[in-house]
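To start, the structure itself, in structure tokens.
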Amino acid sequence: AQKVTQAQTEISVVEKEDVTLDCVYETRDTTYYLFWYKQPPSGELVFLIRRNSFDEQNEISGRYSWNFQKSTSSFNFTITASQVVDSAVYFCALSGHNQGGKLIFGQGTELSVKP
Amino acid sequence: EAGVVQSPRYKIIEKKQPVAFWCNPISGHNTLYWYLQNLGQGPELLIRYENEEAVDDSQLPKDRFSAERLKGVDSTLKIQPAELGDSAVYLCASSLGSLGTDTQYFGPGTRLTVL
């Protein structure tokens, strides 16, 4: 069975603070893909990143960075110098190679960045 | 490039009434997904289309839900009759294919309220 756990339901930070969103996954597939999506109040899920199970290199994109560790089945997301516009619900998701693209989502972490 | 379009954005109906949601995927995307998102939860897959064929509808409650994707482009999801528990956001997503490497892009969703 596949499962994604985002233990942090809500996080509140003050602008310019760094914040890390945790994601732990379970899968029996040897080939799988991990995703992060952002859902602002408008409701649309915005794609942020995709990682495959064979690429454990960390990735940085501007203020965003991702830490993928197979040893701990984690794919954590860090926002550096957070801004008010980062306020949203963030979802981690998992897709197995033979699952027809079906995404298994975590419950999401609601991030509130206060000025 | 236009994103995934959904309509209506909001719908309020009385229980036992029928309702339909419409989705226009990104041009050229062969795979279309309908997801259900309950409040405070991550999206869950209802049905996946490859072109006009429903290839995974195992999570679709077929007693009251139906879907179609005519000509392999636009899709309609219908509920008849609606129940109070159907109140949720219905998200449509599309991707080029259904491999794990094919990123899913989501529309803004339709928020359904059943009274």
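Any value given below was found using the heavy atoms of this structure, including those in side chains, with hydrogens, waters and symmetry copies removed. Naming convention: chains lettered A, B, ... in sequence-line order (proteins, then strands); numbering from 1 in each chain.
- A/Ser53 places a side-chain N or O within 3.5 Å of a backbone atom of A/Tyr32 that can act as its donor or acceptor partner.
- Using bins of under 30°, 30° to 60° and over 60° for the plane-to-plane angle, the ring pair B/Tyr105/A/Phe47 lands in the perpendicular bin.
- Contacts from residues 73-81 of chain B to chain A, taken as heavy-atom pairs separated by less than 4.5 Å, involve no residues at all.
- For the pair A/Ile11 and A/Leu21, the minimum side-chain heavy-atom distance is below 4.5 Å.
- Counting heavy atoms from C-beta on, the side chains of B/Thr110 and B/Ser7 never come closer than 4.5 Å.
- Taking 4.0 Å as the cut-off between side-chain N and carboxylate O, A/Glu56 and A/Lys70 do not count as a salt-bridged pair.
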(Q) Evaluate A/Tyr25 against A/Phe75 for ring-ring contact (aromatic ring centres under 6.0 Å, His included), listing each step before the verdict. (A) CA-CA 8 Å; A/Tyr25 63 91; A/Phe75 186 43; 8.0 Å; no
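- Contact annotation for A/Leu103: both backbone and side-chain heavy atoms come within less than 4.5 Å of a heavy atom of chain B.
- Within the 4.5 angstrom heavy-atom criterion, only side-chain atoms of A/Gln39, from C-beta onward, approach chain B.
- Annotation: maximal heavy-atom pairing with chain B below 4.5 Å, among A/Glu44, A/Glu110, A/Lys102, occurs at A/Glu44.
- Contacts classified as salt bridge (Lys or Arg N to Asp or Glu O under 4.0 Å) and involving residues 12-39 of chain A (residues at least two apart or in different chains) are not found.
- B/Tyr49 and B/Leu96 fall into different hydrophobic clusters, where Ile, Leu, Val, Met, Phe, Trp and Tyr are joined by side-chain heavy atoms under 4.5 Å apart, directly or via other members.
- Of residues 32-44 of chain B, those residues lying under 4.5 Å from chain A by any heavy-atom pair are B/Tyr33, B/Tyr35, B/Gln37, B/Gly40, B/Gln41, B/Gly42, B/Pro43.
- Under the 3.5 Å distance criterion, with hydrogens and angles disregarded, no donor-acceptor pair is assigned to the side chains of A/Ser74 and A/Gln69.
- A search for ring pair (Phe, Tyr, Trp, His ring centres under 6.0 Å) contacts involving B/Phe65 returns nothing, not counting sequence neighbours.
- If you measure heavy-atom distances from A/Tyr37 to chain B, the contacts under 4.5 Å come from the side chain alone.
- For A/Arg51 (side chain) and A/Asn67 (main-chain N/O), no donor-acceptor pair under 3.5 Å exists by modelled atom type.
- When heavy atoms are compared at a cutoff of 4.5 Å, B/Arg111 does not approach chain A at all.
- Ring geometry for A/Trp36 against A/Phe77 counts as tilted: the plane angle lies between 30° and 60°, on a 0 to 90° scale.
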